[in-house]
2 protein chains.
Amino acid sequence: MCHFSRNTTQDTRDRLIETARQLFLKKGYTATGVAEILQKAGLNAGSLYHFFASKEDLLLAVLERYKELLGPLVLQPVYERISDSVERVFGILDGYRGMLLETDHEQGCPIGNLALELSTTHPAARKVIAENFTGWRNAVADGLREAAGRLPAGLDMDQLALFLLTLMEGAVMLARAYRSIEPYDAAVAQLRDYFDRLLSNGTSRSTPRPAARANRQKKRGRRNVRV
Amino acid sequence: MCHFSRNTTQDTRDRLIETARQLFLKKGYTATGVAEILQKAGLNAGSLYHFFASKEDLLLAVLERYKELLGPLVLQPVYERISDSVERVFGILDGYRGMLLETDHEQGCPIGNLALELSTTHPAARKVIAENFTGWRNAVADGLREAAGRLPAGLDMDQLALFLLTLMEGAVMLARAYRSIEPYDAAVAQLRDYFDRLLSNGTSRSTPRPAARANRQKKRGRRNVRV
DNA sequence: GTCTATAGAAGGATAGAC
DNA sequence: GTCTATCCTTCTATAGAC
């Protein structure tokens, strides 16, 4: 805010946002108390209410932070590892899979988490949540456009990206509810099947389908999801 | 509980469950206060804690109630109106669509609502939520099996039902976050497209594709979601 | 800018009369 | 079984010293 702010100022603010982010992710917004945030951040109430007008204001900062984190946290790690534009999509989905596994199926998509909890009751948060979704959709649609040559002509990449987000969010929800990765893997398998068909119908068949195919498939008997 | 319970006993208990159900649906579990439930039900704290050990215990009763309501509330109204087994699936999806529209996109699937809010923090609730999902999946899979003749041989109906649930839950979440029916309609359109292809690949092509096709499509330019 | 202390409201749950 | 009254905790937010 002030023009010559010290380092520590930004540090404290950042620490609050980051701590709140982690707690909201793990327990949700309402279930996370301000006291808990302060304790974990090693700060006191005075600091929080110096930077933020309210707990909800802190939530908005967290959601803004997520918009900034889309690139560095969700996209870049995948894009560095994978160059094929279709496989990059599955790499992104694999990121959420890893998150589910690492947290024993307690955490999936941070935004989806907050979306259902707050959409009805917190209009300001709902707006930034929607912006996060839109950012994700646009990034994925851009990625898909790089594979446009291999995909059927006339395919709407924006619609396909929305479809991917819808499926991913639903799959994360079910994985958490069942405390099992199975519903998530089933959704990805369905999607893989869908893409296989898209690619075999593509106008320019020159580019061969990448071999990374079987990578992420589990050993389950899910092979019979054919069309 | 007691063997010769009066009518009013069951009435009070039911009223508590039903009132809590509506409030949990609209505002979520944590955001709904016990006092609010009591006020809306026209009862006092003594009554609630006579029948339920805690607020969470009441939640479990609500979730059990939802399991009983799957038939009468979700399936039967659709099955009475629609006889074609494939169209029945889309009829069920249309039910959730209607719920979104009626509530100005505030309410979608009651179970999905509670799933993300409580899966991490309330193990007992999570279990009954998963049971609700399983009930839905089984019912829809049974419905799909009636259309087995028209669908490709070897298609796994249980997997397909899971796919439908995943997509529906994701679509409801996005519709709520965007306060718009568009993401929901887009998901259903994608699904319709998917089924069209399934049906045209079916082993027994004798049964003609029902004409109800264009019914639920909005006037949006979503026709280009082809494959 | 950060601290301690605390206000003030709302939360879930209980006690005991009827 | 239902009522009223209330306990105790937790919550967000504020006041004022440093």
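Computation of the quantities below employed the complete heavy-atom set of this structure, encompassing side-chain atoms and omitting hydrogens, waters and symmetry-equivalent molecules. The structure displayed is predicted, hence computed values, not measured ones. Proteins come first, then strands; the chains are lettered A, B, ... in the order of their sequence lines, and each starts at number 1.
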**Prompt:** Between CG of Leu58(A) and CZ of Arg13(A), what distance do you get to the nearest 0.5 Å?
**Reply:**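 One gets 9.0 Å once the value is rounded to the nearest 0.5 Å.
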**Request:** Look up atom NZ in Lys67(A) and atom CD1 in Ile111(A), then write down how far apart they are to the nearest 0.5 Å.
**Result:** 10.0 Å
Atom pair distance, as rounded to whole Å: [atom1] in [X] and [atom2] in [N]:
| X | N | atom1 | atom2 | result |
| --- | --- | --- | --- | --- |
| Leu38(B) | dG1(D) | CG | C1' | 14 Å |
| Leu23(B) | dG12(C) | CG | P | 12 Å |
| Gln39(A) | dC3(C) | CD | C1' | 16 Å |
| Asp11(A) | dT2(C) | CG | C1' | 14 Å |
| Phe51(B) | dC3(D) | CZ | P | 11 Å |
| Ile37(B) | dT2(D) | CD1 | C1' | 17 Å |

**Item:** Qualifying residues under ring pair (Phe, Tyr, Trp, His ring centres under 6.0 Å), relative to Phe133(A), sequence neighbours excluded
**Value:** none
**Asked** ring pair (Phe, Tyr, Trp, His ring centres under 6.0 Å) with Tyr29(B): which residues, sequence neighbours excluded?
**Response**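 For Tyr29(B), the residues satisfying ring pair (Phe, Tyr, Trp, His ring centres under 6.0 Å) (neighbours in sequence not counted) are Phe24(B), His122(B).
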Are OP1 or OP2 of [N] and a side-chain N or O of [X] less than 4.0 angstrom apart?
| X | N | value |
| --- | --- | --- |
| Asn44(A) | dT4(C) | yes |
| Thr12(B) | dG1(D) | no |
| His50(A) | dG1(C) | yes |

**Partner of Trp136(B) under side chain to side chain contact (heavy atoms under 4.5 Å, CB included), chosen from Asn132(B), Asn138(B), Val140(B)** = Val140(B)
**Complete:** Protein-proximity profile, nucleotides 10-18 of chain D, B/S/- by nucleotide at the 4.0 Å heavy-atom cutoff, equals --SBB----
**Message:** Tell me whether Arg88(A) contacts the main-chain N or O of Ile82(A) through its side chain, where contact means a donor paired with an acceptor under 3.5 Å.
**Reply:**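 Pair found, side chain donor or acceptor close to backbone of Ile82(A).
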